Amino acid sequence: MPKLVVTNREGETSEIDVEDGLTVMEAVRDNGFDELLALCGGCCSCATCHIVIDETSVALPEMSEDEDDLLESSDHRKEGSRLSCQIPFTAELDGLKVTIAPED
C-alpha cells in the first residue's frame, strides 16, 4: 500500500498507509491528524486543509484558480503550498512528504 509521510504542526513525523481513491486530505484526516480541519469536506472552499509539499518536483495535478485564490488568502503560503483536498493520492505519490501548514 502506498505511503504518505506527514509532519504535524509540532514537527512530529508519521508514515501512514493510503488506500486507493482517497485524497491527501482524507488520508491525513482519517489517520488522526486533528489539526487538519478540512471544514468544507473537500469542496475547495475553505483552505483549512492547507499543507506544504516538501518536494516541489513531484508531479501533482495542476492547481486550479479556486485553489490558488484560497491559498492566496493564507499568511502561511509558501512554495509547495497546496490544499490537500485537491490532490488525489495515487501509487505514483508513494513516499510523498507533506507538512500541515500553521493555522490562519
Side-chain angles (χ1 to χ4, degrees):
M1 187 174 295
K3 306 234 183 267
L4 176 65
V5 180
V6 181
T7 302
N8 67 17
R9 291 185 179 140
E10 286 75 44
E12 300 164 346
T13 301
S14 302
E15 190 174 278
I16 59 174
D17 293 323
V18 182
E19 296 178 30
D20 280 345
L22 295 180
T23 63
V24 171
M25 180 270 295
E26 292 166 324
V28 172
R29 180 195 62 196
D30 294 353
N31 279 277
F33 292 89
D34 296 334
E35 66 259 43
L36 191 86
L37 299 177
L39 293 175
C40 74
C43 297
C44 193
S45 64
C46 73
T48 59
C49 69
H50 180 185
I51 59 169
V52 178
I53 306 295
D54 292 353
E55 302 152 8
T56 56
S57 63
V58 174
L60 297 173
E62 197 164 318
M63 185 182 298
S64 70
E65 188 174 323
D66 288 340
E67 180 181 2
D68 189 42
D69 288 346
L70 286 167
L71 286 168
E72 196 60 41
S73 68
S74 173
D75 293 334
H76 305 287
R77 184 175 188 171
K78 53 172 81 170
E79 185 178 353
S81 283
R82 293 296 304 261
L83 298 183
S84 58
C85 69
Q86 298 301 296
I87 304 171
F89 195 84
T90 62
E92 291 79 28
L93 296 180
D94 185 28
L96 180 68
K97 295 177 183 174
V98 303
T99 301
I100 298 173
E103 189 172 9
D104 279 315

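Since this is a predicted model, take the numbers as computed values, not measurements.
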When you group the ILVMFWY residues by side-chain heavy-atom contacts below 4.5 Å and let the links chain together, are L60 and L83 in the same group?
no

Under the side chain to side chain contact (heavy atoms under 4.5 Å, CB included) test, which residues partner E15, sequence neighbours left out?
K3, V5

Side-chain donor/acceptor of T48 to backbone N/O of L37, under 3.5 Å
no

Atom CG of D20 with >12 non-hydrogen neighbours under 6.0 angstrom
no

If you group Ile, Leu, Val, Met, Phe, Trp and Tyr whenever their side-chain heavy atoms sit less than 4.5 Å apart, what else falls in with M1?
none

Flag if over 12 foreign heavy atoms under 6.0 Å of CD, E19:
no

Contacts of type side chain to side chain contact (heavy atoms under 4.5 Å, CB included), residue E12, not counting sequence neighbours:
N8, E10

L36 side chain reached by M25 side chain, heavy atoms, under 4.5 Å:
yes

With sequence neighbours left out, write down each residue that passes side chain to side chain contact (heavy atoms under 4.5 Å, CB included) with S81, or none if nothing qualifies.
H50, V52, L71, R77, K78

Are L22 and L93 connected in a single hydrophobic cluster, I mean Ile/Leu/Val/Met/Phe/Trp/Tyr linked by side-chain heavy atoms less than 4.5 Å apart?
yes

Which residues share a side chain to side chain donor-acceptor pair (under 3.5 Å) with Q86, sequence neighbours left out
none

Applying side chain to side chain contact (heavy atoms under 4.5 Å, CB included), name anything that partners L4, two or more places apart in sequence or on another chain.
V6, I16, V18, V24, A27, V28, F89, L96, V98

